[in-house]
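Below is one structure, written out as structure tokens; the observations come after it.
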Amino acid sequence: MSELKQVRLSLPATAEDIATLEPGTIVFLDGVVYTAREGVYQKVIAERKPLPIKLDGLSNVNFHCSPAASRNDDGSFNVGGVTATASFRFSKWMQDWLELTGTRIVIGKGGMPRDDYKNILAPMGAVYLTTVGYGTGALLGRGITKVRDVFWLDELGIAQAMWLFEVENFGPFIVDSDLKGNSLFATHGDQINKGLGALYKGLKAPALRRYGETDNREDEVL
Amino acid sequence: MIAIDRFDEAAFAIMQQAAIDIPEDYRLGIRSMVDGETQDLSSFVLKTMLDNWEAASGDRRPMCADTGLPRYYIKVGNDASIEGGFVALERALRHATARATQEVPLRPNRVHPLWRTDSNNNVGINAPEVEWSFEPNVDWVDVTTVHKGGLFGTDYRMLFPGDGIDGIKRFYLDTLVAFGKRGLCCQPAIIGVGLGGSKDTCMQLGKQAACLRTVGDRNPDSKIADLELELKDMANNIGMGPMGFVGSSMAVDCHIEVGYTHTGGMPISVHTFCLSSRRATARVHADGKIEYRTDPRWFTPYMRRDTVDWSAS
């Protein structure tokens with residue numbers, strides 16, 4: 001096995017640093033990352049609630065995740081680990097969110113729908129990093145040095161609240177997309193699709209079809 | 001009579017163990033896949049998972065922060081007696097879930113499906129699920145917890161006898177390719193296939209096949225065992241590895257469970273138990289002694305019986 005390229009990024013990430021990221025590179029992060037997923041997007045974008053904190057200059061990294069965390073009696077938090085959740089579900093909010101917050105790195109599970117890289121992320125100078133596995137919750141938990149803040153905890157619950165984590169050597173992540181809109185998931189998906197026809201060859205279709213069913217093997221469920 | 005506090009202790013301990021320590025059969029399965037994986041990225045992912053499990057066990061932190069949907073499978077010996085009865089046992093299981101959520105900690109995943117209210121303890125209406133089975137001629141109670149992911153990698157379809165093994169293979173491929181792309185089902189997985197029964201039994205059997213049997217275990221029916229191995233190989237020949245990258249690692253194993261079904265039908269379900277295959281079992285003996293293990297031993301000959309009567313021989 002050849003060695004995969006590894007880089008360490010200080011956050012907030014600069015435009016120059018982001019421009020150098022290539023799909024397939026392994027990344028570790030130092031600085032502040034924040035979590036936001038459907039609960040937060042709904043509040044800020046759909047309900048137009050103001051952001052609870054100015055992210056500009058603090059963090060430009062949105063992690064689609066929730067922590068395994070609990071509140072201690074003294075009000076501090078015990079964060080065991082963090083694991084990403086599938087990002088494609090948040091596609092409809094991404095354009096507005098990137099514009100509103102200046103976020104330039106999106107981290108999550110499984111990447112975005114193919115068109116989003118070219119139409120939303122790349123034009124905004126943003127890239128997508130994917131978590132590994134998925135589920136390196138313990139390794140990522142080690143990288144969190146402090147809970148800097150948490151917002152809407154009572155309203156949204158631990159899983160949906162907006163968390164700000166101070167992180168050190170936080171990773172590993174894999175670069176999925178670059179500023180040209182290329183995506184690792186897309187290129188690997190294309191390669192795998194080429195072999196799928198042979199796999200199904202000779203297997204006759206079932207008698208009862210499902211409404212809306214397709215035999216296009218290039219389709220995705222997202 | 002088994003004192004109820006033994007169940008408080010056992011249920012909490014297995015919640016913790018399941019969340020933190022990867023079962024050895026699954027770990028060894030993945031480790032052997034690393035050697036067979038020739039693709040850089042797929043190989044990197046598998047090695048990182050091995051590192052992650054080591055970090056989890058070393059730090060006593062959950063291996064994956066998505067707790068999935070923690071649930072229980074209980075096997076009650078026919079001669080067992082529980083202080084306070086089954087209602088007390090169900091109460092102990094709900095308490096252990098809430099306590100583990102706070103103390104491990106686990107992510108409070110369980111919310112109301114409509115109002116999205118989260119009581120931050122993984123307990124709610126019909127949560128955690130508790131499934132019951134029985135075992136003749138013994139006086140222990142086995143308590144198993146499984147924390148299976150809850151969003152991707154499961155599907156059901158009504159096939160017909162005429163669709164044959166082709167139909168089974170096709171639907172199996174459909175499900176794995178659909179959810180394997182981008183790694184939505186967090187493969188390589190233990191794949192469970194349910195065949196037959198009614199729709200709900202079919203789902204139940206497939207899920208239990210994925211979550212309650214260990215890597216390397218084979219169905220006692222030799223023809224079904226052969227099909228398990230064939231389907232396992234088929235998954236690993238899709239050309240897909242972890243995260244949907246090019247590779248050869250989709251299935252650590254494949255388990256099939258069957259149930260007698262409608263004469264006109266052949267329902268199938270496919271389930272994937274992910275890279276954080278979280279399961280742990282405690283056997284609570286009549287004298288209160290507790291033994292812990294990672295093999296649930298759920299599918300006993302009694303569970304798979306096809307006769308009217310059961311003789312204890």
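Side-chain atoms are counted along with the backbone in the values below, which use heavy atoms only and exclude waters and symmetry mates. Sequence lines set the chain letters: A, B, ... in the order given, protein chains first and strands last, and positions in each chain run from 1.
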Residue pair [X] / [Y]: nearest heavy atoms and the distance that separates them:
X        : Y        : value
B/Pro105 : A/Gly80  : CG-N, 4.1 Å
A/Gly202 : B/Asp166 : O-OD2, 3.4 Å
A/His188 : B/Leu41  : NE2-CD1, 3.6 Å
B/Ala65  : A/Ser66  : CB-O, 4.0 Å

Quick check for you: among [options], which has the greatest number of heavy-atom pairs under 4.5 Å with chain A?
options                                : answer
B/Asp66, B/Leu275, B/Leu184            : B/Leu184
B/Gly239, B/Pro242, B/Gly183, B/Ser276 : B/Gly183
B/Leu106, B/Asn120, B/Leu151           : B/Asn120
B/Arg157, B/Glu37, B/Met49             : B/Arg157
B/Asp59, B/Leu159, B/Leu46, B/Val111   : B/Asp59
B/Gly164, B/Gly167, B/Pro62, B/Cys274  : B/Pro62

Among the listed options [options], the residue most often paired with chain B at heavy-atom distances under 4.5 Å:
options                             : value
A/Thr136, A/Val221, A/Leu208        : A/Thr136
A/Gly195, A/Pro67, A/Ala186         : A/Pro67
A/Ala159, A/Ala69, A/Gly81, A/Gly39 : A/Ala69

Chain A contact via [X] - which portion, at a heavy-atom distance below 4.5 Å:
X        : answer
B/Thr48  : both
B/Asp51  : both
B/Val177 : side chain
B/Gln187 : backbone
B/Phe245 : both

Could you tell me whether the side chain of [Y] reaches within less than 4.5 Å of the side chain of [X], counting heavy atoms only?
X        : Y        : answer
B/Asp118 : A/Ile158 : no
A/Leu196 : B/Ile238 : yes
A/Gln160 : B/Arg116 : no
A/Val132 : B/Phe44  : yes
B/Met158 : A/Pro206 : no

Which atoms of [X] approach chain B - backbone, side chain, both or neither, heavy atom under 4.5 Å:
X        : answer
A/Ala207 : both
A/Glu38  : neither
A/Ser87  : neither
A/Arg71  : backbone
A/Asn193 : side chain
A/Ala205 : both
A/Asp215 : side chain

Reported [atom1]-to-[atom2] distance for the pair [X] and [Y], which is rounded to 0.5 angstrom:
X        : Y        : atom1 : atom2 : answer
A/Asp219 : B/Lys181 : CG    : NZ    : 7.0 Å
A/Thr131 : B/Met243 : OG1   : CE    : 6.0 Å
A/Leu199 : B/Arg170 : CG    : CZ    : 11.0 Å
A/Lys109 : B/Phe152 : NZ    : CZ    : 5.5 Å
B/Gln102 : A/Asn72  : CD    : CG    : 7.5 Å
A/Thr85  : B/Arg107 : OG1   : CZ    : 6.0 Å

Pair up each side-chain donor or acceptor in residues 165-172 of chain A with any protein partner under 3.5 Å, not counting sequence neighbours, and list the distances.
unit_1	atom_1	unit_2	atom_2	d
A/Glu166	OE2	A/Arg148	NH1	3.2

- Message: For A/Asp176, is there an ion pair with B/Arg182 - N to carboxylate O distance below 4.0 angstrom?
- Response: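 A salt bridge is absent here (no side-chain N lies under 4.0 Å from a carboxylate O).
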- Message: Can you tell whether the side chains of B/Asp174 and A/Arg217 come within less than 4.0 Å, N to carboxylate O?
- Response: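 Salt bridge flag = yes for A/Arg217 with B/Asp174.
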- Kindly indicate, with the supporting measurements, whether the criterion side chain to side chain contact (heavy atoms under 4.5 Å, CB included) is fulfilled by B/Leu173 and A/Leu203. CA-CA 10 Å; B/Leu173 283 176; A/Leu203 298 178; 4.0 Å; yes
- Message: Check this for me: A/Gln95, atom CD, are more than 12 non-hydrogen atoms of other residues, nucleotides or ligands nearer than 6.0 Å?
- Response: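 Check passes, neighbour count above 12.
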- Item | salt bridge (Lys or Arg N to Asp or Glu O under 4.0 Å) partners for A/Asp30, two or more places apart |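 A/Asp30 satisfies salt bridge (Lys or Arg N to Asp or Glu O under 4.0 Å) with A/Arg8 only.
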